[in-house]
Amino acid sequence: MKKWITLFTVTVCLAMAMPAKAQIKFGVKGGLNLASASLSDAWDAKGNADNYTGFFIGPMVDITIPIIGLGVDGALMYSQKGTKISFDGLGSTTFKQQGIEIPVNLKYSIGLGSLASIYFAAGPSFYFNMKSDDDFTFNSVAGSLDYDKSEVSLNLGAGVKLLRHLQLGVNYNMGLTDSAKAKIDSPSSAWDAINGESYKSKMWQVSVAYLF
């Protein structure tokens with residue numbers, strides 16, 4: 001995790017070295033994660049994944065070159081996500097993740113006047129889990145969901161900038177690497193299919209940011 005925090009710090013330093021016309025603002029960003037999971041074929045054959053709602057919050061930096069409308073933003077946030085996995089006739093279990101999320105997005109802004117603009121954004125996001133696993137029991141079969149230490153995803157989003165300080169955004173976060181892997185403690189013929197199977201996170205994010 002230290003290396004990604006270092007990367008975030010370096011990004012901020014590079015931003016400060018950009019052309020004098022670049023506008024650099026620091027702020028606070030927060031919002032809601034509506035998260036779920038893309039299950040592997042073996043998982044999907046036995047159940048389904050439903051949404052879990054969490055939140056995120058943390059400091060951010062926003063860099064814009066007004067003349068061409070291009071910019072970059074980055075954040076260092078505490079973030080909650082997860083999913084509710086259910087199996088036919090066997091109940092369901094909610095898996096909750098907590099971690100540090102570092103999104104870095106390229107932005108293109110279109111002015112709607114001196115006090116408002118719309119933007120489109122895309123870029124990678126890095127997630128570092130604080131939890132290592134979650135235990136579960138289905139039909140007396142015990143197991144655990146082991147989380148990967150880190151995840152990489154792709155952000156696609158859009159939003160509005162208002163009054164030079166406020167940003168409202170909607171973002172889709174698509175997992176590119178695995179989030180977790182299932183481990184069955186007492187394998188049986190009915191559950192062997194998901195032993196060792198993984199899933200990828202996916203979520204919609206609604207955010208509000210205030211820039212100083």
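The two residues Asn105 and Gly123 have their closest heavy-atom pair at OD1-N, 3.3 Å. Minimum heavy-atom separation, Glu101 to Ser125: OE2-OG, 3.2 Å. The two residues Ile68 and Tyr108 make their nearest non-hydrogen contact at O-CE1, 3.5 Å. Between Gly169 and Tyr119 the shortest heavy-atom distance is CA-OH, 3.5 Å. In terms of heavy atoms, Gln205 sits closest to Asn173 at OE1-CB, 4.3 Å. In plain terms, the two heavy atoms of Lys200 and Gly175 that are nearest each other are CD-O, 3.6 Å.
The backbone N or O of Leu145 lies less than 3.5 Å from no partner atom in the side chain of Asp134, so there is not a single donor-acceptor pair. Using modelled atom types, one side-chain atom of Ser179 and one backbone atom of Ser201 make a donor-acceptor pair closer than 3.5 Å. In this structure, the side chain of Lys25 engages the main chain of Arg164 through a donor-acceptor pair within 3.5 Å. Listed for the Thr177 side chain is a donor-acceptor partner under 3.5 Å among the backbone atoms of Val152. The backbone N or O of Ser79 sits less than 3.5 Å from a side-chain atom of Tyr127, completing a donor-acceptor pair. The closest donor-acceptor contact from the side chain of Lys81 to the backbone of Asn33 lies at 3.5 Å or more, if one exists at all.
Residues Leu70 and Val160 fall within the same hydrophobic cluster, defined by Ile, Leu, Val, Met, Phe, Trp and Tyr side chains chained together at heavy-atom separations under 4.5 Å. Residue Leu106 is grouped with residue Val104 when hydrophobic side chains (ILVMFWY) are merged at heavy-atom distances under 4.5 angstrom, including chains of intermediate members. In the hydrophobic cluster analysis, where Ile, Leu, Val, Met, Phe, Trp and Tyr join through side-chain heavy atoms closer than 4.5 angstrom, Val208 is grouped apart from Phe56. The hydrophobic cluster containing Phe55 also contains Leu76, counting ILVMFWY residues as joined when their side-chain heavy atoms lie under 4.5 angstrom apart, directly or transitively. Phe126 and Ile57 fall within a single hydrophobic cluster, where Ile, Leu, Val, Met, Phe, Trp and Tyr side chains are chained together by heavy-atom contacts under 4.5 Å.
Pairs of residues two or more places apart, or lying in two chains, that qualify as ring-ring contact (aromatic ring centres under 6.0 Å, His included) and include a residue from residues 144-178 are His165-Tyr210, Tyr172-Trp204. Screening residues 68-77 for side-chain hydrogen bond (donor to acceptor under 3.5 Å, both in side chains), with sequence neighbours left out, gives Asp73-Lys107.
Taking CE of Met60 as the start and CZ of Phe26 as the end, the distance is 10.5 Å to the nearest 0.5 Å. To the nearest 0.5 Å, atoms OG1 (Thr94) and CG (Asn51) are separated by 11.0 Å. To the nearest 0.5 Å, atoms CG (Leu162) and CD (Gln167) are separated by 9.0 Å. A distance of 11.5 Å separates OG in Ser198 from CG in Asp146, rounded to the nearest 0.5 Å. To the nearest 0.5 Å, atom CD of residue Gln80 and atom CG of residue Leu32 are 10.0 Å apart. If you take CD1 on Ile118 and CD1 on Ile110, they are separated by 4.5 Å, rounding to the nearest 0.5 Å.
You'll find the side chain of Gln97 stays beyond 4.5 Å of the side chain of Tyr52, heavy atoms only.
The side-chain contact (heavy atoms from CB on, under 4.5 Å) test with Lys161 singles out one residue from Leu168, Leu166, Asp62, and that residue is Asp62.
For the residue pair Asn129 and Glu151, a side-chain donor N or O sits within less than 3.5 Å of a side-chain acceptor on the partner.
Counting heavy-atom neighbours within 6.0 Å of Lys131 NZ, excluding the residue itself, gives a total above 12.
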